[in-house]
Amino acid sequence: GAGPDALLARLAVKPTGQIGPTLNSTFWGVLALGRAAPATVRFLLAHQAVGGGFPWGIGGQPDSNDTAAALEALKVAGVHGAPVTKAVSFLLRFENHDGGFELTRGRGSDAQSTAWAIQGLVAAGRTPPRAAFAYLARMRRPDGSYRYSAKYVTTPVWVTSQVLAALARKPFPLRS
C-alpha cells in the first residue's frame, strides 16, 4: 500500500543476516522482501539441521512447516543443490499413509502441513505427491472451506487460504 516505509523498516537485516527475532521470521522476511542478502543466505544455511530440516527458532527441533517455508525462502534466495535436496528429503519423511503431511512426528496429518509441504516441494522444483492432493480433497467441507484435520475444524479461513495456495501449486511469495 501507500507508505510502506514503517513496515519495511521492521524487516531490517541484521549484520548476521537474521531478519526479526527467529529463524522463522527470517524465512518470512525473505519472502516479504522478495530477496535475500548474502549474509541472510549464510544465516539460513548455517541453521539447517544435520538431517536437512529447519526449525522455527534457533536451536529448536526441525519440523515440516518450517522446512517448507525455508524451501520457499531458499528459492527466492536462489539457493540450489545439497541444501535444497536435504531439505526435500527431510520434508518427505513427514508424509503419512493417508497422503497428508504432519507438522511433527506422531502428530497426525493436517491440511496446513500438507499445504506447506506442497508449496515447499513446488518451490524446490519437485512434483508433490498425488496423495497429498487427495488428502486435501478429503478435508474439503460442503461450504468450500477446509478442515484442519480429520479430527478438527479450526481456523477455517487460515487453513483454507493456505490450502488454496497449495492447490494452485504456487509457493510464497504469491505472484500473479
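Position 1 is the first residue of the sequence, and the numbers go up from there.
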[X], [Y]: one ILVMFWY side-chain cluster at the under-4.5 Å cut-off?
| X | Y | answer |
| --- | --- | --- |
| W116 | L31 | yes |
| F133 | L164 | yes |
| Y146 | L174 | no |
| I118 | F172 | no |
| L92 | Y135 | no |

Do the side chains of [Y] and [X] get nearer than 4.5 Å, heavy atoms only?
| X | Y | result |
| --- | --- | --- |
| I58 | H47 | yes |
| S109 | F101 | no |
| P171 | E72 | yes |
| E95 | P129 | yes |
| L23 | W56 | no |

Consider only side-chain N and O atoms of [X] and [Y], and report whether a donor and an acceptor are under 3.5 Å apart.
| X | Y | result |
| --- | --- | --- |
| D143 | S145 | yes |
| S113 | N65 | yes |
| T22 | S25 | yes |

Supply the atom-to-atom distance [X] [atom1] to [Y] [atom2], rounded to the nearest 0.5 angstrom.
| X | Y | atom1 | atom2 | value |
| --- | --- | --- | --- | --- |
| T160 | R147 | OG1 | CZ | 11.5 Å |
| L11 | I19 | CG | CD1 | 6.5 Å |
| L71 | R126 | CG | CZ | 9.0 Å |
| L91 | K86 | CG | NZ | 14.5 Å |

- request: Please check if the side chain of Q18 supplies one atom and the backbone of G20 the other of a donor-acceptor pair under 3.5 Å.
  value: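 Side chain of Q18 to backbone of G20: a pair is present.
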Q.
For Y148, give me all partners under ring-ring contact (aromatic ring centres under 6.0 Å, His included), at least two apart in sequence or on another chain.
A.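 Y148 satisfies ring-ring contact (aromatic ring centres under 6.0 Å, His included) with no other residue.
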Shortest non-hydrogen contact from [X] toward [Y]:
| X | Y | result |
| --- | --- | --- |
| V163 | A111 | CG2-CB, 4.0 Å |
| Q119 | K170 | NE2-O, 2.9 Å |
| V122 | R169 | CG1-O, 3.5 Å |
| R93 | R105 | O-NH1, 3.5 Å |
| L103 | R107 | CD2-NH1, 3.3 Å |
| E102 | S64 | O-OG, 2.7 Å |

Under 3.5 Å, sequence neighbours excluded: what are the donor-acceptor pairs made by side chains of residues 32-42?
unit_1	atom_1	unit_2	atom_2	d
T40	OG1	G17	O	2.7

Would you call the rings of F54 and F27 parallel, tilted or perpendicular, taking 30° and 60° as the class edges?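 Aromatic pair F54/F27 classed perpendicular.
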List, one per line, each side-chain donor-acceptor pair under 3.5 Å for residues 149-156, sequence neighbours excluded.
unit_1	atom_1	unit_2	atom_2	d
S149	OG	K151	N	3.3
S149	OG	Y152	N	3.1

For T26 and V13, what are the C-alpha separation, side-chain angles and deciding distance, and is it a side chain to side chain contact (heavy atoms under 4.5 Å, CB included)? CA-CA 9 Å; T26 303; V13 179; over 6 Å; no
